[in-house]
Amino acid sequence: MRLKRTHTCGELTATHVGQEVVLNGWVENWRDHGGVIFIDLRDRYGKTQIVFYPQYEQFYPLAKKLRSEYVIAIQGIVRKRPDDAVNPNLFTGEIEIEVTDLEVLNESAVPPFEIKDYIDASEDLRLQYRYLDLRRPKLQNNILIRHQMAQFTRRFFSENGFVEIETPFLTKSTPEGARDFLVPSRLHKGKFYALPQSPQTYKQILMVAGFDKYFQIVKCFRDEDLRKDRQPEFTQIDLEMSFVDEDDVMGVMERFVQGLFKEILDEDIAIPFERIPYDVAMDKYGSDKPDTRFGLELQEVTSAFKGSGFNVFRNIAEQGGYIGCVVVDEGTRVSRKQVDDLTAYAKHLNSGLAFVRYRNGAFDSGIAKFLGQPEQNALTTILNLPQGALLFFVGNTDREFAQTVLGAIRLRLGEMLGLIDESVKKFHWIVDFPLLEFDPEEKRYVARHHPFTSPKLSDINLLDENPAAIKARAYDLVLNGNEIAGGSIRIHRKDVQEKVFQLLQIGTEEAQRKFGFLLKALEYGAPPHGGIAFGFDRLVMLMTGSQSIRDVIAFPKTARAVGLMEDTPSEVDEAQLKELGILVVGKKK
RNA sequence: GGGGUCGUAGUUCAGUUGGUUAGAACGCCGGCCUGUCACGCCGGAGGUCGCGAGUUCGAGUCUCGUCGGCCCCGCCA
């Protein structure tokens, strides 16, 4: 190229008037007035208006032919715009460039969609032409913020004594947790590596090795179905610390989050964050990642339905189940149609939803006709009902299930009634998680967090008699109803780890085969340690106000885990398969 | 694995009860225009209505299947 830029398209202002400059960039728009031609030249730094006059006969005809997304270089003089032609919406709007030389660096095919923030194309088209989508200022900004966040993260943890250490991607398949992505081994036919679901075991072993504080911004892989905030490959800010307890890990994270929000958004976040026990979160919000920006808290009304004429609820109450209620004080704000929508939503979650209105001191509509005087009295007493209230009920013999459904209804109501203040940022920790949960399919306990999570020391005597009651030394960080980080204090003693494996019905032989390397490491002076991992993509999504994780990942997959631009996954040559000793059976089409 | 929703011009969409030649805006192509900035004006090209069956005298429209995008449940320690 002949003309190399002296400035970017986002920096020239009135102070540069009179200077000769060279700009490189893409043609975003052109306005040909027959004589004078205006072109908006774009690069990632901004836009600058350049002007072609017919007097420049040697390149004016070429300027006539410039079209969207042509890549050009121009030389010119910075001119102050006439007063009535200043564009206050543009950083460079005070000036324009009178072009004195033009070089077309590359032409462009007509793009399948216009590359402007106000033009929207369907997402599959955007993903197919990702390089064009990424040229849009909005997406470029997301990626730039992501970069700044990664830089802050590295700086923060380095300054706090953490060491960035890479861990392998070709690792060992582990039971428990998500489905693994497998990588066949050519040198060992029939054997497979697994891509890491997280660097969990490696970072614990780094603690045994004495690195004391570790961190990494690292890709993790889980072969599970996608959501708008979930991709099969995603990035974690992963860390681990030795000689610490919960307060140390949470304290570092609070300072990290505070610094990050100050640096990126210039927002002041108050620390420490509130800690909410898991049981309280479930009782009040029906969620282990509650959105606490609004009320509508769950209230238990099981006792009101003992001996009720409403058979469904009476049975649940008498079988030791749970009946919960959410009260909308100004019930008239919810229309009959909205009630029906919520009922349909509950049905979608495999639950029923009952409702009743309270006005003029009496119950009507919904399940009112099933409510005898005792239930009515009990409800008014328990709930302290205002006139005009609307009550939603969910009951189930499975307490956690009923609470979860009611929690989902609560969220819907919050959105429906506009109770959520988007400008508020509510951080809190969820603590005191159960260590285990019963998996009815496998008919055994599985680890709620992961099998290396330490039980609470005070609960350790429950290991044999009542495993379900054991609490874990685990903590999740929640922001506005989104889980953004999760971690725990780990087991550092071999005897405790073996005990937990027993509970999970992972046999000694199996444990040795799958985690033997970790168990062995725990025998050689493993320090007490713990850590946490941040969902980096999700955090970028929240900090950029994006609706989908795909808008903060340069090259994301679709909901069916396909890369539309490069067309992946795809078939491979027979020769490649043969070399790996792989025979594909039951291939779809 | 299950459910919902969408699929019509390059793009975003409209398309009535099943009925003549499937429309609009933007984009694209050509022409005019020397102060616009989502410039303006005139003209033009552009369609396998995702794909395949079926019902019907007749299907963009109704039915079934299928493919794809998105959202949700399950799943995600």
Side-chain angles (χ1 to χ4, degrees), chain A residues 28-41 47-55 60 67-69 79 81-90 92-93 96 98 109-129 132 174-180 197-198 200-201 220-232 234 344-351 404-405 408 412 433-437 439 441 445-453 472 474 476 483 486-488 500 504 506 533 535 547-548 550 557-560 562 564 588-589:
Chain A
E28 170 149 319
N29 204 8
W30 75 97
R31 296 174 291 281
D32 183 346
H33 287 256
V36 65
I37 300 169
F38 298 103
I39 282 179
D40 299 326
L41 197 64
K47 276 190 276 188
T48 300
Q49 173 163 283
I50 63 175
V51 194
F52 291 93
Y53 295 99
Q55 290 76 5
Y60 181 78
R67 292 295 179 265
S68 293
E69 305 309 319
R79 300 290 187 205
R81 294 195 192 188
D83 286 347
D84 57 350
V86 167
N87 185 344
N89 301 321
L90 215 55
T92 61
E96 61 194 11
E98 176 181 336
V110 175
F113 54 89
E114 294 173 68
I115 300 164
K116 293 169 183 166
D117 270 340
Y118 62 92
I119 297 280
D120 215 5
S122 68
E123 195 162 5
D124 53 332
L125 199 69
R126 290 170 47 203
L127 288 172
Q128 201 181 332
Y129 294 92
L132 298 181
T174 52
E176 308 291 303
R179 198 176 288 117
D180 285 320
Q197 298 176 25
S198 83
Q200 183 62 37
T201 46
C220 303
F221 306 86
R222 294 175 191 176
D223 188 7
E224 297 293 345
D225 287 354
L226 292 80
R227 288 286 186 280
K228 68 176 173 181
D229 61 352
R230 248 165 49 191
Q231 288 267 308
F234 60 100
Y345 180 55
K347 193 175 175 185
H348 191 66
L349 303 175
N350 297 313
S351 170
T404 303
V405 172
R412 278 282 167 110
F433 280 90
L435 182 71
L436 307 165
E437 73 189 322
D439 183 334
E441 268 180 36
Y445 285 104
V446 296
R448 192 165 187 120
H449 187 52
H450 58 56
F452 318 112
T453 300
D476 279 1
E483 181 194 327
S488 63
V500 170
L504 300 173
I506 300 173
Q547 292 304 305
S548 162
R550 293 184 295 276
K557 303 281 189 281
T558 69
R560 291 187 64 249
V562 166
L564 288 180
K588 256 191 186 174
K589 275 206 266 196

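Naming convention: chains lettered A, B, ... in sequence-line order (proteins, then strands); numbering from 1 in each chain.
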Residues that [X] engages under ring-ring contact (aromatic ring centres under 6.0 Å, His included), provided they are two or more places apart:
X: A:H348; value: none
X: A:Y129; value: none
X: A:F38; value: A:H33

Taking the same atom, [atom1], in [N] and in [M], what whole-Å distance lies between them?
N: B:C49; M: B:U21; atom1: P; result: 15 Å
N: B:G52; M: B:A14; atom1: C1'; result: 27 Å
N: B:G46; M: B:G54; atom1: P; result: 31 Å
N: B:G60; M: B:G7; atom1: C1'; result: 12 Å
N: B:A45; M: B:C29; atom1: C1'; result: 7 Å
N: B:C6; M: B:C76; atom1: P; result: 31 Å
N: B:C57; M: B:G15; atom1: P; result: 28 Å
N: B:A59; M: B:A25; atom1: C1'; result: 27 Å

Quick one: which of [options] gets closest to the side chain of [X]?
X: A:R227; options: B:U34, B:U36, B:C75; value: B:C75
X: A:Y53; options: B:G1, B:G3, B:U34; value: B:U34
X: A:R222; options: B:C76, B:G1, B:G27; value: B:C76
X: A:D225; options: B:C75, B:C71, B:U34; value: B:C75
X: A:V110; options: B:G27, B:C75, B:G69; value: B:G27
X: A:A178; options: B:G74, B:C76, B:G69; value: B:C76

Could you tell me the separation between the [atom1] atom of [X] and the [atom2] atom of [N], rounded to a whole number of Å?
X: A:F52; N: B:C37; atom1: CZ; atom2: C1'; answer: 15 Å
X: A:R448; N: B:C76; atom1: CZ; atom2: P; answer: 12 Å
X: A:L226; N: B:G74; atom1: CG; atom2: P; answer: 15 Å
X: A:E123; N: B:G7; atom1: CD; atom2: P; answer: 17 Å
X: A:R126; N: B:U12; atom1: CZ; atom2: C1'; answer: 13 Å
X: A:D117; N: B:C26; atom1: CG; atom2: P; answer: 20 Å
X: A:E28; N: B:A38; atom1: CD; atom2: C1'; answer: 10 Å
X: A:F38; N: B:C33; atom1: CZ; atom2: P; answer: 16 Å

Under 4.0 Å, heavy atoms only, any strand: does [X] hit a base, just the sugar-phosphate, or nothing?
X: A:A85; answer: base
X: A:Q55; answer: base
X: A:R79; answer: nothing
X: A:T453; answer: nothing
X: A:Q49; answer: base

The side-chain contact (heavy atoms from CB on, under 4.5 Å) partner of A:V51 among A:R31, A:E96, A:E98 is A:E96
The side-chain contact (heavy atoms from CB on, under 4.5 Å) partner of A:Q128 among A:D124, A:L125, A:L132 is A:L125
CG (A:D439) and CZ (A:R448) are apart, to the nearest 0.5 Å, by 12.0 Å
Output for pair (A:L504 CG, A:L436 CG), nearest 0.5 Å, gives 6.0 Å
Counterpart base for [N], defined by Watson-Crick or G-U wobble contacts under 3.5 Å:
N: B:G7; value: B:C67
N: B:G54; value: B:C62
N: B:G43; value: B:C29
N: B:U20; value: none
N: B:U34; value: none

- Answer yes or no: does a side-chain N or O of A:R230 lie under 4.0 Å from OP1 or OP2 of B:C73? no
Check your understanding: OP1 or OP2 of B:G68 less than 4.0 angstrom from a side-chain nitrogen or oxygen of A:R560, does that happen here?
Key -> yes
*Given the rule in the side-chain contact (heavy atoms from CB on, under 4.5 Å) test, do A:Y345 and A:R412 qualify, once you have shown the distances and angles that lead to the verdict?*
CA-CA 9 Å; A:Y345 180 55; A:R412 278 282 167 110; 3.3 Å; yes
Assign each of A:L127 and A:E96 the nucleotide of RNA chain B bearing its closest heavy atom; nearer the 5' end lies the nucleotide of A:E96
By nearest-nucleotide position on RNA chain B, the 5'-leaning member of A:S548 and A:L90 is A:L90
**Request:** Go through A:R550 and A:E123 one step at a time and tell me if the salt bridge (charged side-chain N to carboxylate O under 4.0 Å, His left out) criterion holds.
**Result:** CA-CA 10 Å; A:R550 293 184 295 276; A:E123 195 162 5; 2.5 Å; yes
Dump every N/O contact between nucleotides 8-11 of chain B and the protein below 3.5 Å, one line per pair.
residue: B:G10; atom: O2'; partner: A:P112; partner atom: O; Å: 3.1
residue: B:U11; atom: O4'; partner: A:P112; partner atom: O; Å: 3.4

Cation-pi geometry met for A:R222 and A:F234 (6.0 Å, 45°):
no
Quick one: which protein N/O atoms are closer than 3.5 Å to N/O atoms of nucleotides 39-43 of chain B? Pair and distance per line, please.
residue: B:C39; atom: OP1; partner: A:N29; partner atom: OD1; Å: 3.3
residue: B:C39; atom: OP1; partner: A:N29; partner atom: ND2; Å: 2.9
residue: B:C39; atom: OP2; partner: A:N29; partner atom: ND2; Å: 2.1
residue: B:C39; atom: OP2; partner: A:R31; partner atom: NH1; Å: 3.0
residue: B:C39; atom: N4; partner: A:D32; partner atom: O; Å: 2.6

| Can you check side chain to side chain donor-acceptor pair (under 3.5 Å) on A:Q197 and A:D180, steps first, answer last? | CA-CA 7 Å; A:Q197 298 176 25; A:D180 285 320; 2.6 Å; yes
**Prompt:** Is the number of heavy atoms from other residues, nucleotides or ligands under 6.0 Å of A:K557 NZ greater than 12?
**Reply:** yes
Sequence neighbours excluded, the answer for salt bridge (Lys or Arg N to Asp or Glu O under 4.0 Å) partners of A:E483 is none
